[in-house]
Undergrad: 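Before anything else, here's the structure in question.
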Amino acid sequence: MGMEKITVRQLVENAEEYADHPVTVSGWIRNNRDQKEFGFIALSDGSHFNTLQVVYEKEHLTNYSQVARLGVGSAVTVSGRLALTPQARQPFEIKAAEVILEGDSPEDYPIQPKRHSREFLREVAHLRPRTNLFTALFRVRSLLAFAVHQFFQEKGFVCLHAPIITANDAEGAGEIFRVTTLDPKNPPLTEDGNIDYSEDFFGKKTNLTVSGQLEAEAFALAFKDVYTFGPTFRAENSNTPRHAAEFWMIEPEIAFADLQDNMDLAEEMIKYLITYLLDKAEVEMAFFNQFVDKGLLERLQGIVSAEFVRITYTEAVEALQKSKEKFEYPVGWGKDLQTEHERCLTEKIFHKPVFVTDYPGEIKAFYMRVNDDQKTVAAMDLLVPGVGEIIGGSQREERREVLVRRMADFNIHPEDLKWYLDLRKYGGVKHAGFGLGFERAIMYLSGVNNIRDVIPFPRTVNSCEF
RNA sequence: UCCUCAGUAGCUCAACGGCAGAGCGACCGGCUGUUAACCGGUAGGUUGCAGGUUCGAAUCCUGCCUGGGGAGCCA
């Protein structure tokens, strides 16, 4: 018969070409409605957000009664003629000549053709990619990962794979996961009774990375413009919709560049990612706009054409004090901005993304460059409505003696980061970079407000299923 | 880790001290164009776990477990 094996995506993009032609499509049943003499299957083959309507008729199928009883989730291969149906809700459908059962799905299949709560779907994370929301979300995640690489590669950045296991424990970026092969019941001990890590696999204490930044700095001082994009691990006991123990981070690092260049890059990147998704994920974004966040498309389109706000920490504190907003925690120079303050800035005062720069040195990391006022450092956070902080970055302290002094303030021993200080000793130049939480970007761009829903199999405190 | 809300049928929820219920889903039947189809019927329960109060507990009390939201930490 000469059936051509084909995907739903090919049909969506080129239906006319296949009109009245015999085609074969394999996929999973999303919904099956039978009547006396005919029935309809909504078939998803994963190639496109849309399902394909299969029409099957008693007089054309030898196994009609079997097909009519096929449950949601079953895998089938359908062969038949493609019919254009411009007057119907779907633009085309398959008139089935043959429906072959590839994999049955019994009646206790948990995903039903009805609304499910996100909490329930998290418990069946192995099946949830078969639902509309997660089909859309994980395709967007895939597209966004590609867009990140494309953005940097087009600009000539070099991608480096920073190590996932590291002995850098002096960064203060959060609680770490220890990596060890020692027997937890019977570890080797030193003479004074402590665990003897010189006996461990690497001969020293090691942990999973909390950031690829330090390694990226080394590469930036060779390639000038670099980025890392990889997994990151934090053992924080954080119970919020914005925190995970394992997440992915994008960390560009640029040499011969200052904080302004850094913000320019971050803003350009966010706009690029939005533009990319609006173009390449039109159906998915329209779905989010309709069922997740009604104002999503309008807001994202607005952001592409708007300039991000750039204010200093000092100006932010003044703006908050002037706002007459009632805060649970008082606003004051020297105190870190609370979540409620950040929300006020981005959701009530400016209604768009806001860079806050030049924070007091005491509340920021040791590697951030000290400003001329000696009180603030060249830090920048990007705050967005709904999600909060999605980017944290800074110009790095390139002056060796200033960096050593800062490290002393933070109780970091120079010998622990000798190689990092070397970068200032040999051809050190001003440089800057930032970290973008990949999942937070997905949340912001989809409107889905829980990080556990934008990670295929999320790892959070007390939860490591699948 | 702290504060707070909630765990009842496969799912979403009602019953709030006195017989365990509905919608959806599943199953069976009907229906000649459905599309979260529609119509009729059937099955489905250790009310998160452990203890306590009471003649009587899904309901009140205590502890624990799990999940949601808020805070802190941050991306």
Side-chain angles (χ1 to χ4, degrees), chain A residues 30-43 50-59 68-69 71-73 83 85 87-90 93 95 105-124 127 131-132 171-175 210-213 231-251 266 291 327-329 336-343 363-365 381-384 387-393 434-444 449-455 460-463 465:
Chain A
R30 287 284 183 86
N31 196 356
N32 185 8
R33 305 174 293 276
D34 79 290
Q35 301 189 37
K36 195 175 187 180
E37 302 293 331
F38 57 89
F40 304 91
I41 288 172
L43 192 71
N50 291 351
T51 55
L52 170 65
Q53 173 153 289
V54 177
V55 187
Y56 56 96
E57 294 169 289
K58 202 170 215 169
E59 59 176 311
R69 278 186 281 107
V72 176
T85 54
Q87 76 292 345
R89 193 181 299 185
Q90 66 288 332
E93 62 192 20
K95 302 277 196 190
S105 177
E107 64 199 50
D108 59 354
Y109 181 62
I111 309 290
Q112 299 155 5
K114 57 167 286 196
R115 196 196 158 277
H116 290 293
S117 66
R118 311 262 172 90
E119 291 81 6
F120 169 70
L121 290 169
R122 268 171 224 150
E123 293 171 10
V124 287
L127 300 173
T131 64
N132 281 338
E171 297 165 32
E175 294 295 314
V210 294
S211 165
Q213 178 199 319
T232 310
F233 306 88
R234 305 269 169 95
E236 300 286 349
N237 187 7
S238 300
N239 284 287
T240 82
R242 305 182 303 282
H243 290 85
E246 176 182 318
F247 62 99
W248 283 57
M249 195 150 58
I250 296 139
E251 296 175 286
F291 293 106
F327 297 117
E328 192 181 338
Y329 297 90
D336 208 352
L337 298 178
Q338 303 290 316
T339 297
E340 57 174 343
H341 305 145
E342 295 179 347
R343 291 183 75 107
I363 59 175
K364 287 292 180 183
D381 285 352
L382 179 63
L383 313 175
V384 297
V387 177
E389 182 180 342
I390 62 171
I391 283 178
F434 61 84
L436 167 72
F438 184 52
E439 284 80 8
R440 290 193 181 171
I442 301 170
M443 291 165 70
Y444 181 53
N449 50 23
N450 194 312
I451 199 166
R452 289 170 280 230
D453 293 329
V454 303
I455 299 176
T460 54
V461 192
N462 261 308
S463 174
E465 303 302 315

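Everything numeric here is computed off the predicted structure, so don't read it as measured data. Residue numbers begin at 1 in each chain, while the letters A, B, ... track the order of the sequences.
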Undergrad: Nearest to the side chain of A/Arg69, which nucleotide is it out of B/G72, B/C28, B/C74?
TA: B/C28

Undergrad: Report, one line per pair, each donor and acceptor closer than 3.5 Å where one atom sits in a side chain of residues 434-444 of chain A; sequence neighbours left out.
TA:
{"from": "A/Glu439", "atom 1": "OE1", "to": "A/Trp248", "atom 2": "N", "distance (Å)": "3.1"}
{"from": "A/Glu439", "atom 1": "OE2", "to": "A/Arg141", "atom 2": "NH1", "distance (Å)": "3.1"}
{"from": "A/Glu439", "atom 1": "OE2", "to": "A/Arg141", "atom 2": "NH2", "distance (Å)": "3.0"}
{"from": "A/Glu439", "atom 1": "OE2", "to": "A/Trp248", "atom 2": "N", "distance (Å)": "3.3"}
{"from": "A/Arg440", "atom 1": "NE", "to": "A/Arg242", "atom 2": "O", "distance (Å)": "3.2"}
{"from": "A/Arg440", "atom 1": "NH1", "to": "A/Glu389", "atom 2": "O", "distance (Å)": "3.0"}
{"from": "A/Arg440", "atom 1": "NH2", "to": "A/Arg242", "atom 2": "O", "distance (Å)": "3.0"}
{"from": "A/Arg440", "atom 1": "NH2", "to": "A/His243", "atom 2": "NE2", "distance (Å)": "3.4"}

Undergrad: Given B/U34, B/A26, B/C11, identify the nucleotide with an atom nearest to the side chain of A/Gln35.
TA: B/U34

Undergrad: By nearest atom, which of the nucleotides B/G68, B/A71, B/G33 is closest to the A/Gln338 side chain?
TA: B/A71

Undergrad: To the side chain of A/Arg440, which of B/U34, B/C74, B/G72 is closest?
TA: B/C74

Undergrad: Confirm from the modelled atom types if A/Ser238 and B/C74 form a donor-acceptor pair under 3.5 Å, side chain to base only.
TA: no

Undergrad: For the base of B/U34, is there a side-chain donor-acceptor partner from A/Gln90 under 3.5 Å away?
TA: yes

Undergrad: Which stems does RNA chain B form, counting runs of 3 or more consecutive Watson-Crick or G-U wobble pairs with both distances under 3.5 Å?
TA: B:1-7 with B:65-71, B:10-13 with B:21-24, B:26-30 with B:38-42, B:48-52 with B:60-64

Undergrad: Checking all strands, does A/Ile250 fall into the base, sugar-phosphate, or nothing category for heavy-atom contacts under 4.0 angstrom?
TA: nothing

Undergrad: Does the aromatic ring of A/Phe247 sit over the six-membered base ring of B/A75, closer than 5.5 Å centre to centre and tilted less than 30°?
TA: yes

Undergrad: Which residues pass the ring-ring contact (aromatic ring centres under 6.0 Å, His included) test with A/Phe120, sequence neighbours left out?
TA: A/His116

Undergrad: Taking the minimum atom-to-atom distance to the side chain of A/Ile451, which one of B/G70, B/A75, B/A36 wins?
TA: B/A75

